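As the structure is a computational prediction, the values presented were derived from the model and not from experiment. Quick note: residue numbers are just sequence positions, from 1.
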Amino acid sequence: MIWRRRSDNALRFIAAVPLGYAVASLWAAALARVLPMSRSEATVTGTLIALLLCALFAMYAYGARSGWRATWVLGLIGMVAGGIVWWSIATTGRL
């Protein structure tokens, strides 16, 4: 029982810190590409929103029903952001 609780806490930490940061970075890139502003303003705005999202993802990781649920939900959110970035690069042809 103790091992299960420790592994769940470790999984929540992994979901909160590295996965949350990666997903927030993907959202920063996605927002920087799709916001209707100049490139520099969109980049700054996307980064500021991503900083907020990073904190929210960490809070969700520790508030979720289980560590596995937090990992899967953050993974799906990251795939949505990755899809937006991929679509944007595929349609405009620039990085």
Side-chain angles (χ1 to χ4, degrees):
M1 189 66 153
I2 292 173
W3 180 253
R4 185 177 195 139
R5 191 177 319 154
R6 286 184 182 177
S7 64
D8 189 59
N9 282 336
L11 191 58
R12 287 175 190 269
F13 177 79
I14 291 170
V17 179
L19 184 61
Y21 180 76
V23 173
S25 298
L26 280 171
W27 275 107
L31 289 171
R33 296 189 64 83
V34 299
L35 287 175
M37 305 174 186
S38 68
R39 286 185 186 179
S40 61
E41 290 176 354
T43 302
V44 170
T45 304
T47 302
L48 290 174
I49 292 171
L51 286 172
L52 174 67
L53 288 176
C54 190
L56 292 175
F57 293 153
M59 286 189 280
Y60 173 75
Y62 282 101
R65 188 175 299 178
S66 70
W68 285 110
R69 181 179 292 244
T71 304
W72 281 105
V73 168
L74 288 178
L76 289 174
I77 293 171
M79 286 195 292
V80 169
I84 291 171
V85 171
W86 176 82
W87 172 79
S88 176
I89 291 172
T91 57
T92 59
R94 64 172 180 82
L95 289 176

Calculate, to the nearest 0.5 Å, the distance between atoms [atom1] and [atom2] belonging to [X] and [Y] respectively.
| X | Y | atom1 | atom2 | answer |
| --- | --- | --- | --- | --- |
| Ile77 | Trp72 | CD1 | CH2 | 14.0 Å |
| Arg12 | Ile14 | CZ | CD1 | 12.5 Å |
| Thr47 | Trp27 | OG1 | CH2 | 14.5 Å |
| Phe57 | Leu52 | CZ | CG | 9.0 Å |
| Trp3 | Ser7 | CH2 | OG | 7.0 Å |

Heavy-atom pair of closest approach, residues [X] and [Y]:
| X | Y | value |
| --- | --- | --- |
| Ala24 | Ala50 | O-CB, 3.2 Å |
| Leu35 | Gly46 | CD1-N, 4.3 Å |
| Ala32 | Ala42 | O-CB, 3.5 Å |
| Ala16 | Ala58 | CB-CA, 3.9 Å |

Worksheet item: What residues form a side chain to side chain contact (heavy atoms under 4.5 Å, CB included) with Ile49, not counting sequence neighbours?
Response: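 Once residues adjacent in sequence are excluded, the partners of Ile49 under the side chain to side chain contact (heavy atoms under 4.5 Å, CB included) criterion are Leu31, Thr45, Leu53.
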Worksheet item: Considering residues at least two apart in sequence or located in another chain, which fulfil the side chain to side chain contact (heavy atoms under 4.5 Å, CB included) criterion with Ser40?
Response: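 Once residues adjacent in sequence are excluded, the partners of Ser40 under the side chain to side chain contact (heavy atoms under 4.5 Å, CB included) criterion are Ser38.
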Discussion item. Looking at Arg39, is its backbone amide N or carbonyl O close enough to the side chain of Thr43 to form a donor-acceptor pair, meaning the two atoms are under 3.5 Å apart?
Written reply: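 Such a contact is found between Thr43 side chain and Arg39 backbone.
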Worksheet item: Got a sec, which pairs hit side chain to side chain donor-acceptor pair (under 3.5 Å) with one end in residues 54-70, sequence neighbours left out?
Response: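 Not a single pair qualifies under side chain to side chain donor-acceptor pair (under 3.5 Å).
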Worksheet item: Is the shortest heavy-atom distance from the side chain of Arg33 to the side chain of Ile89 under 4.5 Å?
Response: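 They are in contact (side-chain heavy atoms under 4.5 Å apart), so the answer is yes.
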Hydrophobic clustering (ILVMFWY, side-chain heavy atoms < 4.5 Å, transitive) - are [Y] and [X] grouped together?
| X | Y | answer |
| --- | --- | --- |
| Met79 | Val73 | no |
| Leu56 | Leu26 | no |
| Ile84 | Val23 | yes |

